[in-house]
Amino acid sequence: MENNTVNNAEETNVPETQNAEAIDAPAQPTPEAPAAPEAPAAPEAPAAPAAPVENKSTLAQGVMHEQNIKAVTQKQTVGKIFVQIALYAFLGFMALVVLFPFYWMIISSLKTVKEYELSTPTLFPQQIMWSNYSTAFTTGGLGRLFLNTLFVGVVSTILSLIITVLSAFAFARLEFKGKNALFAFLLATMMIPGELFTITNYQTINQFGWMNTYTVLIVPFLVSVFYIYLLKQNFMQIPNELYLAAKVDGTTDFMYLLKVMIPLALPTLISITILKMMGAWNSYIWPRLVANKEEMRLITNGLRALAFVDEATDRPNIPVQMAAVAMVSAPLFMVFLFLRKYIMKGVSRSGIKG
Amino acid sequence: MSENQTTVQAPVKRIVACPHCGTKLYVTQNNAAYQCPKCNEFFQIQGKQEKKDLREVGSKFLTKIKFDSWKGWIYLLPTLILLAIFTVWPIINTIRISLLENYGALGAAGGETFAFGFGNFEKVIQYKGFLTCLQNTLLLCFLTVPISTVLALLIAVCLNAIKPLQKFLQTIFFLPYVTNSIAIGMVFAAMFNIVGSFIGTNNEIIITAGIMNNILGVFGIEPINWINAGSSYWSNITVLVVYIVWNALPFKILILLGGLQSVNKQYYEAAQIDSTPRWRVFTRITVPLLSPMLAYVVITGFIGGFKEYSSIVGIFGESMGAPGAKGSLNTMVGFIYDCLGRDRDGVASAAALILFAIIFVVTMINLYVSKKKTHY
């Protein structure tokens, strides 16, 4: 910035008006030689008692200025291209860094143990081992884990949606005493780290006799204050007039919720559904504590607990392990592929993983 | 007219029942006398204002709703029950048992009583393992949050400056978010792992494969024992930082890019007219305008960082450390679960409250700083 102003001051020792003329000049049909015939036109300019000679020098300067601008813009475009190349190079490199673990997961999952353990790893499997996947699936008992997780995920998502919708509707549309205080209290609980609840919840479910049941994996996390908050905000954007019109028509609150509000808030509900399902898929700590029996295990716990051992060498069979990891990750990617918009929208408003 | 004339209150243009015989009549006029066609009795219609606007009707309904406030509570019932059991009670109970010395759930079930005091807190602080956990947590927090924030900012600014492929690259950068942190942790472990022959002395690395070491070997870096038995603390931490940053980038990029795209273009146009250098545009326009998003990203980063647990499990397994160094990488959350697993609920509660206090203080500091520095 300072540089530029200094440059300007040095280069254009000319008063403002002349500069203006210089810019005007190229607009006229004959730029250089017939400076004299143009002189009569000059007085039209506000401050130009200048002699033709002086005018000529101004013109010359104008041309110079023009050339300067050209050079500068040329320089700028070159610079711009250079910057764009640098941008793409950096982003491309970072994208490779981000993608590499996924690539490595898939490539490794298709290798033989022998190839995987080569001292210089191959970037593409010499012999594609699809059988790693079936081995992982059968020896790891992934079927049961998948079913457990799917069941817990679907049931808890449905129940959670019902609860969230009802609460959000009450907060957004109904009037009752202590509503605002209650809502403020709910928001305040969001600040407390979940670990603080876990200790007592662990005792509570022990007392309820819920250990190693599906209930314990579903019930304690049905209420999510954040989802209630999200949906309430969305409900409140729906114009009041719709509600009043529905009331005049004699619609009950519940029918209004079902027929008007839920369809209008569908995108938010989809976001919540996906995030909740992802949460079930990725939950680790709580299931580990309360449902460690093998037939109750969820996918993440199972995956971590599984040890795929290569029978020949008695060492961990990483390719089969990677195949299991890939299978666990695949549903998430599928969901992401098809519902990217909702996930990104939901995440950008929540900041909660799962 | 006659003295037996009755007045009927009714809105105009309505069907009204004759007060004498009950025949239905269609009424169209205000304050007019009507004669019932059936029983020939007269009666007066006192019309009400017909044209009420919707708002008036609405406010009437709203006051009606205020009366049946129990309705709201019914809608909230499931939430309130669940919250009472799994949120409110835990808050009270955690504070209670943190103040009962040596509280354990098994002992409590057996009828044991516990003295009141701050012994649990003392135990937490004096316990050697806790200091390791605190150190690990703080270290990971203060390494990963700045690195991931700066990197995410750079990527977001670059993404914002390009046109073709922007959406595509944005999707790629978001990909690590939709992963299972345990599963991908295992992939990272495989990448940093040293595979190959372990014949010979066990602690020595004889053959290094491990893709990371191979990649680093291209740049002439000697193979490093990242996570295997006998690996150093700092190499373990490095791997964790790489993984956590990789995992934290998508969310930060998403938020920051969203912020950048909502910045008013006029600022940049003004800067362009003044031919402001890029770096100055970045520090004087982009960063200040992004400061609310940056603050948000940093605060959530710190909160998440203090609760770091599953990424370590993903790479190192539940031993929370390289083989032979069990628990060397344990964190605050890991400590709480360890205590819980050993039936030391009192100590676990005290640790959880300490964790909450730390998160609270750090968040408040962050908020204070960002309020001072934030542009808005």
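These numbers come from a predicted model, not from an experiment. Labels below follow one simple rule: chain letters A, B, ... track the order of the sequence lines, proteins then strands, and each chain is numbered from 1.
- Enclosure of atom CZ in R284(B) is not indicated, since only 12 or fewer non-hydrogen atoms of other residues, nucleotides or ligands lie within 6.0 angstrom.
- By number of non-hydrogen pairs under 4.5 angstrom with chain A, the leading residue of I97(B), I336(B), I162(B) is I162(B).
- Not a single donor-acceptor pair under 3.5 Å links the side chain of E195(A) to the backbone N or O of L355(B).
- Between the side chains of T94(B) and T200(A), at least one donor-acceptor pair of N or O atoms lies under 3.5 Å.
- Using a 4.5 Å heavy-atom cutoff, the side chains of I303(B) and M191(A) are not in contact.
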Check: Is there a side-chain contact (heavy atoms from CB on, under 4.5 Å) between V223(A) and F86(B) once you walk through the steps?
Finding: CA-CA 9 Å; V223(A) 175; F86(B) 295 109; over 6 Å; no
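- Chosen from F306(B), F188(B), Y309(B), W89(B), the residue pairing most often with chain A at heavy-atom distances under 4.5 Å is Y309(B).
- Heavy-atom distances place both the backbone and the side chain of F197(A) under 4.5 Å from chain B.
- Under a 3.5 Å cut-off, the side chain of R304(A) and the backbone N or O of G314(B) do form a donor-acceptor pair.
- Side-chain contact between L166(A) and L76(B) is absent, with no heavy-atom pair separated by less than 4.5 Å.
- Only the side chain of L254(B) has a heavy atom closer than 4.5 Å to any heavy atom of chain A.
- Residue with the most contacts toward chain A among I359(B), V313(B), L154(B), L249(B): V313(B) (heavy-atom pairs, distance under 4.5 Å).
- K163(B) and Y88(A) make their closest contact through N-OH, 4.0 Å (heavy atoms, listed as atom of the first residue, atom of the second, distance).
- The two residues I163(A) and L82(B) have their closest heavy-atom pair at CD1-CD1, 3.6 Å.
- Proximity to chain A is absent for every atom of S98(B), based on heavy atoms less than 4.5 angstrom apart.
- Residue A190(B) comes nearest to M322(A) through the heavy atom pair CB-CE, 3.8 Å, listed as atom of the first residue, atom of the second, then distance.
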Next item on the list: For F174(B) and F336(A), run ring pair (Phe, Tyr, Trp, His ring centres under 6.0 Å): C-alpha distance rounded to whole Å, both residues' side-chain angles, the deciding distance at 0.1 Å, then the answer.
Entry: CA-CA 10 Å; F174(B) 192 72; F336(A) 178 64; 5.6 Å; yes
Next item on the list: Evaluate the side-chain contact (heavy atoms from CB on, under 4.5 Å) criterion for residues F208(A) and I85(B): first the C-alpha distance (whole Å), next the side-chain angles of each, then the deciding distance (0.1 Å), finally the verdict.
Entry: CA-CA 11 Å; F208(A) 288 175; I85(B) 299 173; 4.3 Å; yes
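- Taking chain B as the reference chain and counting heavy-atom pairs below 4.5 Å, the highest number among V165(A), I192(A), L123(A) is found for I192(A).
- Using a 4.5 Å cut-off between heavy atoms, Q207(A) makes no contact with chain B at all.
- Residue N282(A) comes nearest to T179(B) through the heavy atom pair ND2-O, 3.4 Å, listed as atom of the first residue, atom of the second, then distance.
- When heavy atoms are compared at a cutoff of 4.5 Å, I215(B) approaches chain A solely by way of its side chain, counted from C-beta outward.
- When the shell of 6.0 Å around CE of M364(B) is examined, it contains more than 12 heavy atoms from other residues, nucleotides or ligands.
- In this pair, Y75(B) and F169(A) present their aromatic rings tilted. The plane angle is within the 30 to 60° band.
- Using a 4.5 Å cut-off between heavy atoms, L175(B) touches chain A through backbone and side chain atoms alike.
- Neither the backbone nor the side chain of F93(A) comes within less than 4.5 Å of any heavy atom of chain B.
- Counting non-hydrogen atoms of other residues, nucleotides and ligands closer than 6.0 Å to CD of Q84(A) gives a total above 12.
- Chosen from V157(B), T171(B), L83(B), the residue pairing most often with chain A at heavy-atom distances under 4.5 Å is T171(B).
- Neither the backbone nor the side chain of L77(B) comes within less than 4.5 Å of any heavy atom in chain A.
- Residue L159(B) holds its CG atom at 5.0 Å from CG of L91(A), rounded to the nearest 0.5 Å.
- Nearest heavy atom pair, residue M191(B) against residue P101(A), reads SD-CA, 3.8 Å.
- Residues L182(A) and L80(B) have side chains in contact (heavy-atom distance under 4.5 Å, counting atoms from C-beta outward).
- Listed options I299(A), N301(A), V325(A), V328(A) were ranked by heavy-atom pairs under 4.5 angstrom with chain B; first place goes to V325(A).
- With a 4.5 Å cut-off on non-hydrogen atoms, K341(A) does not touch chain B at all.
- Contact tally against chain B (heavy-atom pairs below 4.5 Å) for L257(A), I285(A), V83(A), L222(A): the top residue is I285(A).
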Margin query: Evaluate L151(B) against M94(A) for side-chain contact (heavy atoms from CB on, under 4.5 Å), listing each step before the verdict.
Written below: CA-CA 10 Å; L151(B) 210 53; M94(A) 287 314 293; 3.8 Å; yes
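- Residues L99(A) and I172(B) meet the side-chain proximity criterion, which asks for heavy atoms closer than 4.5 Å.
- At a 4.5 Å heavy-atom cutoff, the contact between T204(A) and chain B is made by side-chain atoms alone.
- Between G72(B) and A170(A), the closest heavy-atom pair is O-CB, 3.8 Å.
- Within 6.0 Å of the CZ atom in F90(A), the count of heavy atoms belonging to other residues, nucleotides or ligands exceeds 12.
- A heavy-atom distance below 4.5 Å is found between the side chains of Y177(B) and M278(A).
- In this structure, F102(A) and I184(B) have side chains that are in contact, with non-hydrogen atoms separated by less than 4.5 Å.
- W246(B) places a side-chain N or O within 3.5 Å of a backbone atom of V98(A) that can act as its donor or acceptor partner.
- Heavy-atom distances place the side chain of L186(A), and not its backbone, under 4.5 Å from chain B.
- Heavy atoms closer than 4.5 Å to chain A are found nowhere in P250(B), neither backbone nor side chain.
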Next item on the list: Give the C-alpha distance, both sets of side-chain angles, the deciding distance and a yes or no for side-chain contact (heavy atoms from CB on, under 4.5 Å) between Q203(A) and N93(B).
Entry: CA-CA 10 Å; Q203(A) 296 174 3; N93(B) 191 45; 3.4 Å; yes
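- Put simply, the side chain of L196(A) does not reach to within 4.5 Å of the side chain of P90(B), judged on heavy atoms.
- Proximity to chain A (any heavy atom under 4.5 Å) is shown, for I155(B), by both the backbone and the side chain.
- In terms of non-hydrogen atom pairs under 4.5 Å with chain B, the most contact-rich of W281(A), F333(A), Y202(A) is F333(A).
- How far OG1 of T300(A) is from CG of N180(B): 4.0 Å, rounded to the nearest 0.5 Å.
- Within the 4.5 Å cutoff, the side chain of L87(A) has heavy atoms near those of the C158(B) side chain.
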